[in-house]
Structures are given as structure tokens and as C-alpha cells.
Number of protein chains: 2
Amino acid sequence: MEQKQKSEFTKQLILEESFRLFYSNGFKSTSVDKVMLATKLTKGAFYHHYKNKQELGLAVITTKVKERVYDGMVAPLYQPGNALDILKATFIDRLKSFSIHEKKHGCPMNNLINEIGDEEIAYQIALKKIIEEWQAALIFLIDRGKLEKSIQQNIESKAVAIYLISAFEGIRGIRKLYQDDAILEAYISGLSFYLQKLEV
Amino acid sequence: MEQKQKSEFTKQLILEESFRLFYSNGFKSTSVDKVMLATKLTKGAFYHHYKNKQELGLAVITTKVKERVYDGMVAPLYQPGNALDILKATFIDRLKSFSIHEKKHGCPMNNLINEIGDEEIAYQIALKKIIEEWQAALIFLIDRGKLEKSIQQNIESKAVAIYLISAFEGIRGIRKLYQDDAILEAYISGLSFYLQKLEV
DNA sequence: TAAAAAACATACTACCTAGTATTTTATTAC
DNA sequence: GTAATAAAATACTAGGTAGTATGTTTTTTA
């Protein structure tokens, strides 16, 4: 049973280093050689654990990228409390909490969507799954807010969910072009106004 | 004077083919060789007109990409008429008018922002310029709408402008993951609700 | 403990990459 | 018409790319 652990450790190591490199330098700019240099293992180890680079890309999306979005943007939506407050907290606080690195390099998911989201159907399916998990959590929260009368009844939960996600991913990209946070503050101001209009 | 025309024609040809290939396959996946194969010229011609691939990338951004955004999303904002109607028309009609190809491959500007927007400051400056031209047009229109009492006085024009742009670019990326327009319809519904809240 | 299998290393292939050096062809200026 | 110059073609370099073939070491199983 020791071999399985070792194998799992290596696969995880490759996953972590490749996520890190994909995020910093992009998917296409990150070669298998570069990933394996970072792990201090060799190409032989890589092709023993993964069929090819696409399989690695998919593994990174379905594990690291998915977990990142889930932890940061999905799980908080299932917490108890006033629905609108949770929306505000999740979207605004998350943005404010980003490191310099995360502001400079944008959203790992959005980067992949725009770099390779139109290339392989397999990538589309994997990335779509993350978006839909996020969307479902938002719809759940908005519906709860309607029931609990903190959010207006007449709005379309799905439309609001998509509009929130779109704007968030959009600004993560745009922020990459700037050296300071002024653009984020404008976004937060725009978002706050929007959320206010959802209030009952 | 015939030589200058020929030179200009070649530069334009290279620009057009590279924009097309960057848009379809991405910037990094498009080699100088591929571009020149499309022009039916050779590498010698390329390096006679451009210093390197970065200079080509910048030229594509400052001409083709910029013009595309200007024609589709900026110029319409300077037309006369009810400000809110113009906002609706520009954002919603533009989205509805996209070809299958444009839906599949997203926004050329947003693709570049997310693929190379964190790599070179030169790219950032060039891309930022387009965003700011767009933003300025939106602020101008929203301010006009306030004056003409079709848009609420108490909103922040800049915040609304950034929120509109973010959501639009965001959905252009997300749409790449899907095979149909349902997600766009949800976005349009979300956008319509938002625009309605700007109304006086 | 020996054979089998898994984990990993080494060495390699075939091809693509940006960019350069040099030559040929077309155009312009005198 | 000829020298100079611009436009473009050809041939090349040095290094990176994904992936393969094969060998070695470690672990498991019988």
C-alpha cells in the first residue's frame, strides 16, 4: 500500500506545480518539461502518470481550479444568514482579499476559459461544470433570499446569477491591465449599486 | 510612390491574417510561420516589415482589435437619441448579431487580455487604451442621459460603465464553453433588469 | 527470495519556434 | 541606363516542443 501513496503523492505534486505554472505563465507557455523541472522529477515520471498534456490540463481543471472556485466563491454561498449580505460578502470581500499575484494574473478559471475554452470540447465540459456549480449555488441563495424576503420576488434568479458571474470574471481579466486597484473600486461600486437593486 | 503602397498593402495583409489567426487559434498558438503561410509570403517579408512577433501583436491590438471594439461598442454610444435606449441597443443587439464563429471564439480583446495581458507591459498599455476609450464613451453617454433625465442622477457613471464592460467581456468568455445561446439569453435577461434600474 | 510489476530515469525522435544572414528581385532616384 | 535602395525569398541557427523507447531502480506479490 506504500506504492499507491507514493504514486498519489507524485500525481499531486505534478498537479500542484502545473497549476502554479499554468496560472503564472499560461497553459500553452507551460511545457511538460517546465512542469517536471519544477517537480524535480523527469519526463518519464510524467508520462507514467498522465497520458498526455491534455489529460494534465483536464486534471488541473477538475481538481485545482474547481477547488479554488468552490472554496472561494461557492461554499460561502451555502452559509446561513441574510442572502443579500452573503452575496455582498462573497463577491466584494473575495475581491478585496486577493494578493498582488492574484490581481496581476487574474482568475485561473477565466484565464483557461479564454486561452483554451474554444479548443477542445473536453476543456469546455470541465470548465462548464465549474461555472454551473457556481451558478447553482447562486440560484439556491437567491431563491432562499426571495423566500426569506430579503431579495425581490420578481427577479430571475438565473439571470442575476449569470450577470454576477460574468461581471466578476470580466473584471478579473480587466484588472490584469492595471497596476493599481482603482478599477476594482469602480467595479465594487457598480456591484454594490446592482446588489442594492436586488433588495426588497 | 508605388513602392510605399505595396509596402503598406503587405503590412495590412500580414495584420489581417494575423488578427484572423490570433482570433481563431490564440496568440501563442499562432506562429510567424503560420501567419506568413496564410499571406502566401515568406518569413523574409515579415521581418522586413516587423521587428518581431511582439511588435506584430501590438500592431494587431492597436489597429484591428481597437477598430473592432470601436465600431461595435464605442461609436454606437455617440449616436443621438435616448441614452438608455442606446445602451440597450448597443449591448443587446451587438450580442445578438454575433456569428457562430464570434460566439465560439469570444471577444478578440478579452482573449488577448486573458492570454497575454499579464505578460508584457506593452500589451497592457495597448489593451488598456481600448478599454478606456470604451469606458469614456459609456461615461459620456450615461452623463448625457442624466442631463436629459432618462438616467438616474444618483448613480456613478464610471461604476456603471465598468460594470457593464465587465459583464459583457465576462459573458463573451463563458459563452465559449457552451454550444447554444441559452447562457446569452440569461445574460441578456440579467442585463435588461440592470439597465431598467438605471432608468429614471 | 525470485519473478512481476510499478515508478521513475535516460536518451532519443521528429517537428515546431523565433529570429538571423544572405541572396535575389523589383523599384526608385539620379 | 545605372547605382542605390526597398521588398521579398531562401537558407539557416539554436533552442524548445510533445511524445516515445528503453533502461534502471524500487516495491509488491506469490
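Chain A is the first sequence line, chain B the second, and so forth, proteins listed ahead of strands; every chain is numbered from 1. All values derive from a computational prediction rather than experimental measurement.
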Which side-chain N or O atoms in residues 119-130 of chain A pair as donor and acceptor under 3.5 Å with protein atoms at least two apart or in another chain?
{"from": "E119(A)", "atom 1": "OE2", "to": "K28(A)", "atom 2": "NZ", "distance (Å)": "3.1"}
{"from": "Q124(A)", "atom 1": "OE1", "to": "Q179(B)", "atom 2": "NE2", "distance (Å)": "2.8"}
{"from": "Q124(A)", "atom 1": "NE2", "to": "G117(A)", "atom 2": "O", "distance (Å)": "3.1"}

Exercise. In chain order, what residues pass the side chain to side chain contact (heavy atoms under 4.5 Å, CB included) check against S24(A), with sequence neighbours excluded?
Worked result: H101(A)
For this session: Sorted by first residue and then second, give each side chain to side chain donor-acceptor pair (under 3.5 Å) pair with at least one member in residues 130-148 of chain B; sequence neighbours left out.
Result: Y178(A)-E132(B), D143(B)-S157(B), R144(B)-E148(B), K146(B)-S157(B)
Exercise. Using a cut-off of 4.0 Å on non-hydrogen atoms, how would the nucleic acid contact of T42(A) be classed: base, sugar-phosphate, or nothing?
Worked result: base
Exercise. Considering residues at least two apart in sequence or located in another chain, which fulfil the side chain to side chain contact (heavy atoms under 4.5 Å, CB included) criterion with A167(A)?
Worked result: Y187(A), Y163(B), S166(B), A167(B)
Exercise. What's the CD-P distance between E8(A) and dA6(C), to the nearest Å?
Worked result: 16 Å
Atom pairs and distances, side-chain donor-acceptor, residues 82-92 of chain A, under 3.5 Å, sequence neighbours left out:
{"from": "N82(A)", "atom 1": "OD1", "to": "L84(A)", "atom 2": "N", "distance (Å)": "3.0"}
{"from": "N82(A)", "atom 1": "OD1", "to": "D85(A)", "atom 2": "N", "distance (Å)": "2.9"}
{"from": "T90(A)", "atom 1": "OG1", "to": "I86(A)", "atom 2": "O", "distance (Å)": "2.7"}

Problem set entry | Members of residues 10-17 of chain B that approach DNA chain C, where some heavy atom sits under 4.0 Å away | none
Exercise. Just how far, in rounded Å, is P of dT10(D) from CG of L41(B)?
Worked result: 11 Å
Exercise. For the residue pair I113(B) and I174(A), what are the closest heavy atoms and their distance?
Worked result: CG2-N, 4.2 Å
Exercise. Looking at residues 43-62 of chain B, who's got a heavy atom less than 4.0 Å off DNA chain C?
Worked result: K43(B), Y47(B), N52(B), K53(B)
Exercise. Can you name the residues that form a side chain to side chain contact (heavy atoms under 4.5 Å, CB included) with E156(A), not counting sequence neighbours?
Worked result: A159(A), S189(B)
Problem set entry | side chain to side chain donor-acceptor pair (under 3.5 Å) contacts in which one or both residues fall within residues 50-75 of chain B, not counting sequence neighbours | R68(B)-E102(B)
Exercise. Which whole-number value in Å describes the distance from F9(B) CZ to dA26(C) P?
Worked result: 17 Å
Problem set entry | Integer-rounded Å distance: dT17(C) P and K28(B) NZ | 14 Å
Exercise. For E169(B), does its backbone N or O pair with a side-chain atom of N110(B) as donor and acceptor, under 3.5 Å?
Worked result: yes
Exercise. Quick one: salt bridge (Lys or Arg N to Asp or Glu O under 4.0 Å) pairs with a partner in residues 30-49 of chain B, sequence neighbours left out?
Worked result: D33(B)-K43(B)
Atom pairs under 3.5 Å: protein N/O with N/O of nucleotides 13-16 of chain C:
none

For this session: Check the distance between dA18(C)'s C1' and M36(B)'s CE and give it to me in whole angstrom.
Result: 14 Å
Seminar exercise, completed: Applied to residues 190-200 of chain A, the side chain to side chain donor-acceptor pair (under 3.5 Å) test, sequence neighbours excluded, yields none
